[in-house]
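Below, chain A is the first sequence line, B the second, and so on; all start at residue 1. In what follows, every heavy atom counts, from backbone to side chain, and hydrogens, waters and symmetry copies are set aside.
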Amino acid sequence: MYDTPLTEADVSTEDAKILARNVQVHYGTTHAIKDVSVAIGDKAVTAFIGPSGCGKSTFLRCLNRMNDTIDACRVRGTILLDGDDIYHRRVDPVQLRARVGMVFQKPNPFPKSVYDNVAYGPRIHGLANSRADLDRIVEKSLRRAALWEEVKDRLSAPGTGLSGGQQQRLCIARAVATEPEVLLMDEPCSALDPIATAQIEDLIYELRDRFSVVIVTHSMQQAARISQKTAFFHLGHLVEFGETGQIFTNPQDPRTESYITGRIG
Amino acid sequence: MTGLAAPTPAPTPSPRPGRAALLAADPRTRKRNAAERRFRFCGVMAISIGLLFLVVLLAAIVSKGAGAFRQTFIALEVELREDTLDKNGNRAPEDIAKASTFAYAPLLGDALLAAIRDNGITTELQTRKEIKPLLSASAAAQVRDFVIANPERIGETVAFSVLAASRVDGYLKGRVSRDSVARSKNMDARHLDLIDALRDAGVVEKRFNPAFITGTDASEARPEQAGIGAAMLGSFFMMLVVLLLSLPIGVAASIYLEEFAPRNRLTDFIEINIANLAAVPSIVFGILGLAVFIRFAHLPQSAPLVGGLTLALMTLPTIVISTRASLTAVPPSIRDAALALGASKMQAVFHHTLPLAMPGILTGAIIGLAQALGETAPLLLIGMVGFIASTHPDGLASGFLDPNSAMPAQIYEWAKRADPAYYERAWGGIILLMLFLAAMNITAILLRRRFERRW
Ligand SMILES: Nc1ncnc2c1ncn2[C@@H]1O[C@H](COP(=O)(O)OP(=O)(O)O)[C@@H](O)[C@H]1O
Ligand SMILES: [Mg+2]
């Protein structure tokens, strides 16, 4: 029982936005993800928790094929986005990433103006027909990221000159500007202070209405606060996946329980 | 634990054993501070020595080369006599062209004698032949060029400022002394007295000589006439070839290797070879250029195109290495950010990585170019030491395929020649070369600033 992976039967597949089946990831000889199957719902927040190095980031990066940029990385298994296999030979990762946005652990705004940061995605995807259109998209995205009020007077100031929390919200605004369907967030608050973290959490709570959000987090409180579903990873296995409330109050697997009560981590 | 040790005596005001008072540095700190002071002293010394060498170098260059920019001229009123210059009196260009410089020499001699007389200078030198050593051999050619260009002035007396002979110039610059003249054939103390008198009268004068910067090389016997202009033009054409070839090829190769190429044996091999190429002595590139471009491809010898191709080969590794270094220095998070937004690899490179790497790339390119500009050895092998003594349009290297020289090759040529007047010109050439290098470095700094601010 201890090392058996979750079987597909445990995964509810109805109204899943992303459906992963038997995903295996290798970095050279390291087996980082071992036979993970999971269904990620639409218009909901799914949290990935687990001790460091258990493969949360790796799995998250499979969902928008950012692992393609790592030479040593090999992904096997199927991942379906709205029923389409994203690892199909004919799928262009560039197109996929326009639909599955990503926010990284460390805020990484481009060394360009706030405006250009947000406008970059719409520009390369041709989402705006005119300058006014683009202005609208930029404003809407910044509002969604709860940053508009703070930066509306300095849209041409460098994005790298904002505070850490503002930079991370700028990255979120940049990601939502391309109108993705799924938003992947890899520990988006780990570099932020508690106030900025609270702002981002509020923001994620809002974003849930429009996107399917997958968030990797180190903080179990955070997962409990903002997510509907939680997945617990351990040593490359998906140990337990279910309703957040149930995972935290009534874990089925002893490993989940030890982690939540602070015995592994 | 310490609490269990033997009972301590009554508390004393002295600091705890093992802890020095804050106001007195303990021996360990003193030792550390002394080491730090020694290191700083070494650093300051190293920089001072470097600066000292720089100052000595610059002082030597300026003191030895500045003279090359000033030249001694003789102001003459030359009577352009019709009976010698245009015997038929019809001003036909062919007839005028027939009069060689030999026909002009006597006119100049007369003019100088007249100048001596008019200024009331007494000298034993009374004949044209005796005063001839004062005039540069180029003077006759200068007057002849003027007459051919303005035939209508024949018959008039025209004011010229002609070059004095190299030794007159040398005497005024202190290079030629009375002792050294004693050993010479056609000049003696009387000439030097005459020069002094002419200088006092204002006939002989030392002034700025633009022809040194714009002119062409001259024969061994006429250093006063030699200029570095043609070689500068040759260097310019070469640098153009180097820039146009090595910058795009080098940057494209680096981008491909750094951002697109898979990491495998082949790319590792290429990488090692590029690093090795950067260390190959320049003369090897010279012989490669000779073998490939001249012997095999039959491109003309001494052409700036060939020089540029050869130097481009030499500059490429420098540019590739610096470009790759500046590309790697761009944080990967920027690339990830662009890719995660759905940018293609190429968009990520051209929109984000490349602009951020630009200052480094430009600096590397300019350093590579500066290296190429000062490079001499490969030029000697491909014959970029063409002797260009005539001016545009009749032969001055005006393109990529015309034989030419280059600044460092010209400097080398001059330094080789026996006449000390050429030694001075070599230093003068070095001043110009250094000015170009300084200008390039300043451009590099300015470009870097501009790109950094643009962010
Ligand atoms: N680029 C990589 N190359 C090789 N191994 C990697 C790479 N990234 C992650 N790994 C390995 O994969 C495993 C999972 O890592 P990761 O997904 O970053 O864990 P987490 O995000 O849960 O802390 C770790 O053992 C890690 O060493
Ligand atoms: Mg991680």
Side-chain angles (χ1 to χ4, degrees), chain A residues 57 60-61 63-72 92-113 116-127 156-161 167 170-171 173-180 182-186 191, chain B residues 253-272 323-363 447-455:
Chain A
S57 300
L60 194 72
R61 292 162 61 89
L63 303 182
N64 68 344
R65 289 184 62 173
M66 278 301 278
N67 280 334
D68 291 15
T69 61
I70 300 169
D71 278 340
D92 187 345
V94 166
Q95 247 172 324
L96 169 72
R97 290 181 199 136
R99 287 176 59 188
V100 183
M102 188 164 201
V103 175
F104 295 83
Q105 185 166 358
K106 224 178 116 237
N108 56 353
F110 297 128
K112 292 177 186 288
S113 69
D116 286 338
N117 262 285
V118 182
Y120 183 67
R123 273 193 186 127
I124 58 172
H125 295 298
L127 299 183
S156 56
T160 39
Q167 286 190 19
L170 179 61
C171 292
R174 183 175 66 184
V176 299
T178 51
E179 296 286 339
V182 181
L183 199 54
L184 309 177
M185 298 181 153
D186 192 352
Chain B
S254 323
I255 291 177
Y256 180 75
L257 278 176
E258 200 55 51
E259 307 281 340
F260 294 93
R263 292 262 170 278
N264 56 27
R265 288 266 175 77
L266 181 67
T267 44
D268 283 350
F269 179 75
I270 292 174
E271 208 160 302
I272 291 170
T323 304
R324 294 193 61 184
S326 24
L327 286 174
T328 355
V330 175
S333 64
I334 297 290
R335 250 164 254 157
D336 286 347
L339 292 177
L341 280 175
S344 68
K345 221 165 179 177
M346 212 171 115
Q347 283 173 325
V349 169
F350 282 91
H351 295 166
H352 301 287
T353 317
L354 197 57
L356 289 177
M358 216 47 175
I361 295 176
L362 287 179
T363 310
L447 279 175
R448 202 160 41 185
R449 288 257 173 85
R450 225 187 87 84
F451 270 99
E452 266 165 7
R453 247 193 250 128
R454 201 199 62 123
W455 73 270

Under 3.5 Å, which donor-acceptor pairs do the side chains of residues 340-347 of chain B form with other protein atoms, sequence neighbours left out?
unit_1   : atom_1 : unit_2   : atom_2 : d
B/Ser344 : OG     : B/Gln347 : N      : 3.2
B/Gln347 : OE1    : B/Ser344 : N      : 2.9

For A/Asn64 and A/Arg97, test the side chains for any donor-to-acceptor distance below 3.5 angstrom and give the result as yes or no.
no

Looking at A/Asp186 and A/Arg61, does any basic side-chain N land under 4.0 Å from a carboxylate oxygen?
no

If we define contacts as heavy-atom pairs under 4.5 Å, which of B/Ser333, B/Pro331, B/Pro332 has the most with chain A?
B/Ser333

B/His352 vs A/Phe110 aromatic rings, parallel, tilted or perpendicular, using cut-offs 30° and 60°?
parallel

Name the region of A/Pro93, side chain, backbone, both or neither, that has any atom closer than 4.5 Å to a heavy atom of chain B.
neither

Proximity breakdown for A/Val100 and chain B, heavy-atom pairs closer than 4.5 Å
backbone

Top contributor to chain B interface from A/Lys106, A/Gln95, A/Met66 [non-hydrogen pairs under 4.5 Å]
A/Met66

Distance-only check: which donor-acceptor pairs under 3.5 Å involve side-chain atoms of residues 259-267 of chain B, not counting sequence neighbours?
unit_1   : atom_1 : unit_2   : atom_2 : d
B/Asn264 : OD1    : B/Leu266 : N      : 3.1
B/Asn264 : OD1    : B/Thr267 : N      : 3.0
B/Asn264 : OD1    : B/Thr267 : OG1    : 3.2
B/Thr267 : OG1    : B/Pro262 : O      : 2.9
B/Thr267 : OG1    : B/Asn264 : N      : 2.9
B/Thr267 : OG1    : B/Asn264 : O      : 3.0

Identify which part of A/Arg174 has an atom lying under 4.5 Å from any heavy atom of chain B, answering side chain, backbone, both or neither.
both

Report the option among A/Asp92, A/Ile124, A/Leu96, A/Asp68 that has the most heavy-atom pairs separated by less than 4.5 Å from atoms of chain B.
A/Ile124

